[in-house]
Amino acid sequence: MRICVIVAVSVPDPIALYPLNSKYEAREINNKQPEGTLGNVSLAAGPDGKPGGSFQFFGQVNSYIDFPNDGGLDVNHSITMLCWVYPESSAISGPLFYYTDYNPSVVGGVQLWIDSGKLVARFEESYQEPLTTTDPLALNNWHYVGSSYDGNTGMASLWLNGTSVVSQDIGYITLATGYNVAMGEIYDNRFFQGRITAMQVYDVALTAVQINAVKDAGRGDRGTTYS
């Protein structure tokens with residue numbers, strides 16, 4: 001006789017979960033953060049194929065979502081950022097979630113990017129060598145992507161479909177997360193072309209088990225709430 005044992009996975013609450021769909025638009029699911037500002041974006045089908053499940057970014061000026069940061073997105077010590085992304089071009093590069101003060105003379109803070117089709121992350125306000133995937137993400141496909149930094153160990157990671165694909169010890173740093181956040185467009189004419197949905201931000205470095213446990217959080221029209 002085969003016995004199946006189901007073990008519940010404990011995951012801390014996110015500091016922000018933006019479903020980015022027709023129900024919530026640019027609002028945080030539990031109104032814990034200020035509502036984002038929509039630029040020239042439009043609703044599109046999400047990972048489940050249903051309409052209104054994501055936002056389409058057009059890879060051009062004014063195609064963005066900006067998220068105000070009144071301190072609620074400032075983590076300092078550790079972070080995990082996760083979202084679903086559907087890239088449509090590897091010829092241009094743009095931000096998925098980028099802490100920035102929109103000043104061209106400042107490198108900017110914590111960043112999750114698509115750069116020439118590859119997933120890229122940077123964690124501090126310097127020209128620190130970014131973490132980058134070896135291969136570009138397949139175009140016109142949905143990918144569950146993310147990045148994390150553990151302030152207890154100094155380890156930074158890139159995540160693709162629930163698996164750590166790049167890890168590096170970058171030492172003990174203070175995360176640059178005091179800025180507002182840009183999605184889709186940054187000040188120096190770099191743009192993302194494709195779709196984004198279900199953006200999650202945590203003030204801890206989640207484990208692989210936890211990252212897979214929240215894979216569906218915020219997806220779909222109805223969204224997912226946290227108790």
Side-chain angles (χ1 to χ4, degrees), residues 8-20 24 26-36 65-85 95-101 106-113 119-126 128 130-131 144-160 162-183 196-219 223-227:
V9 177
S10 176
V11 182
D13 289 346
I15 62 171
L17 170 54
Y18 302 99
L20 301 176
Y24 293 95
R27 298 191 304 277
E28 201 279 330
I29 197 166
N30 289 317
N31 295 314
K32 292 191 293 186
Q33 306 296 341
E35 183 175 356
I65 302 176
D66 285 342
F67 297 97
N69 182 5
D70 62 1
L73 294 173
D74 194 3
V75 301
N76 291 321
H77 185 64
S78 298
I79 194 169
T80 302
M81 299 185 293
L82 303 165
C83 67
W84 284 83
V85 62
L96 303 180
F97 208 73
Y98 185 131
Y99 287 84
T100 177
D101 67 354
V106 177
V107 176
V110 172
Q111 308 163 25
L112 183 63
W113 278 77
L119 186 65
V120 176
R122 181 179 277 117
F123 295 93
E124 59 182 327
E125 201 170 25
S126 73
Q128 162 230 336
L131 275 66
Y144 179 45
V145 303
S147 63
S148 63
Y149 171 74
D150 190 336
N152 297 309
T153 65
M155 291 300 298
S157 298
L158 279 176
W159 298 85
L160 179 59
T163 299
S164 175
V165 291
V166 181
S167 291
Q168 182 179 332
D169 186 346
I170 63 172
Y172 300 98
I173 63 174
T174 298
L175 295 170
T177 54
Y179 302 127
N180 294 332
V181 174
M183 176 181 286
I196 304 173
T197 190
M199 185 73 226
Q200 306 179 61
V201 185
Y202 297 81
D203 59 2
V204 297
L206 298 185
T207 66
V209 172
Q210 291 172 323
I211 285 173
N212 280 283
V214 297
K215 187 175 183 178
D216 294 326
R219 282 181 47 182
T224 302
T225 58
Y226 287 78
S227 58

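The two residues L73 and A16 make their nearest non-hydrogen contact at CD2-CB, 3.7 Å. The heavy-atom pair separating L158 from A121 by the smallest distance is CD2-CB, 3.6 Å. Taking each heavy atom of I170 and A156 in turn, the nearest pair found is CD1-CB, 3.9 Å.
Distance check: D66 CG to T100 OG1 gives 9.5 Å after rounding to the nearest 0.5 Å. To the nearest 0.5 Å, the span separating CZ on F123 from CG on L131 amounts to 6.0 Å. Y202 contributes atom OH, which lies 9.0 Å from atom CD1 of I211 (distance to the nearest 0.5 angstrom). Atoms CE and CG, from M199 and L112 in turn, are 6.0 Å apart once rounded to the nearest 0.5 Å.
Side-chain contact between L20 and M183 is present, with heavy atoms from C-beta onward closer than 4.5 Å. Under the 4.5 Å side-chain criterion, counting only non-hydrogen atoms from C-beta, F67 is not in contact with Q33. Residues W113 and Y98 are in side-chain contact: their nearest non-hydrogen atoms beyond the backbone lie under 4.5 Å apart. Two residues are said to be in side-chain contact when any heavy atoms from C-beta on lie closer than 4.5 Å; L96 and C83 meet this criterion.
S157 is linked by a side-chain hydrogen bond (donor to acceptor under 3.5 Å, both in side chains) to S167, counting only residues two or more places apart in sequence or in another chain. Applying the side-chain contact (heavy atoms from CB on, under 4.5 Å) test to A198 and every residue at least two apart in sequence or in another chain returns W84, R219. The side-chain hydrogen bond (donor to acceptor under 3.5 Å, both in side chains) check on W159 picks up S148, with sequence neighbours excluded. For the side-chain contact (heavy atoms from CB on, under 4.5 Å) test, residues two or more places apart in sequence or in another chain that qualify with V75 are I15, I79, L175, T177, D203. In this structure N212 satisfies the side-chain contact (heavy atoms from CB on, under 4.5 Å) test with no other residue, sequence neighbours excluded. For T153, the side-chain contact (heavy atoms from CB on, under 4.5 Å) test picks out D150, M155, with sequence neighbours left out.
Only one option out of P12, S78, P14 pairs with L206 in a side chain to side chain contact (heavy atoms under 4.5 Å, CB included); it is P12.
Between the Q210 side chain and the S10 main chain, a donor and an acceptor come within less than 3.5 Å of each other. With hydrogens and angles disregarded, a donor-acceptor distance shorter than 3.5 Å links the side chain of Q200 to the backbone of V214. Judged by distance alone, the side chain of N180 and the main-chain N or O of A182 form no donor-acceptor pair under 3.5 Å. With hydrogens and angles disregarded, a donor-acceptor distance shorter than 3.5 Å links the side chain of E28 to the backbone of L17. Within the 3.5 Å criterion, the main-chain N or O of I173 finds a donor-acceptor partner in the side chain of Y149. For T80 (side chain) and V204 (main-chain N/O), a donor-acceptor pair under 3.5 Å exists by modelled atom type. Remark: the backbone N or O of V85 is not paired with any side-chain donor or acceptor of T197 at under 3.5 angstrom. Between the side chain of Q111 and the backbone N or O of G109, at least one donor-acceptor pair lies under 3.5 Å.
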Legend entry - Step-by-step side-chain contact (heavy atoms from CB on, under 4.5 Å) determination, M81 to V145: CA-CA 8 Å; M81 299 185 293; V145 303; over 6 Å; no
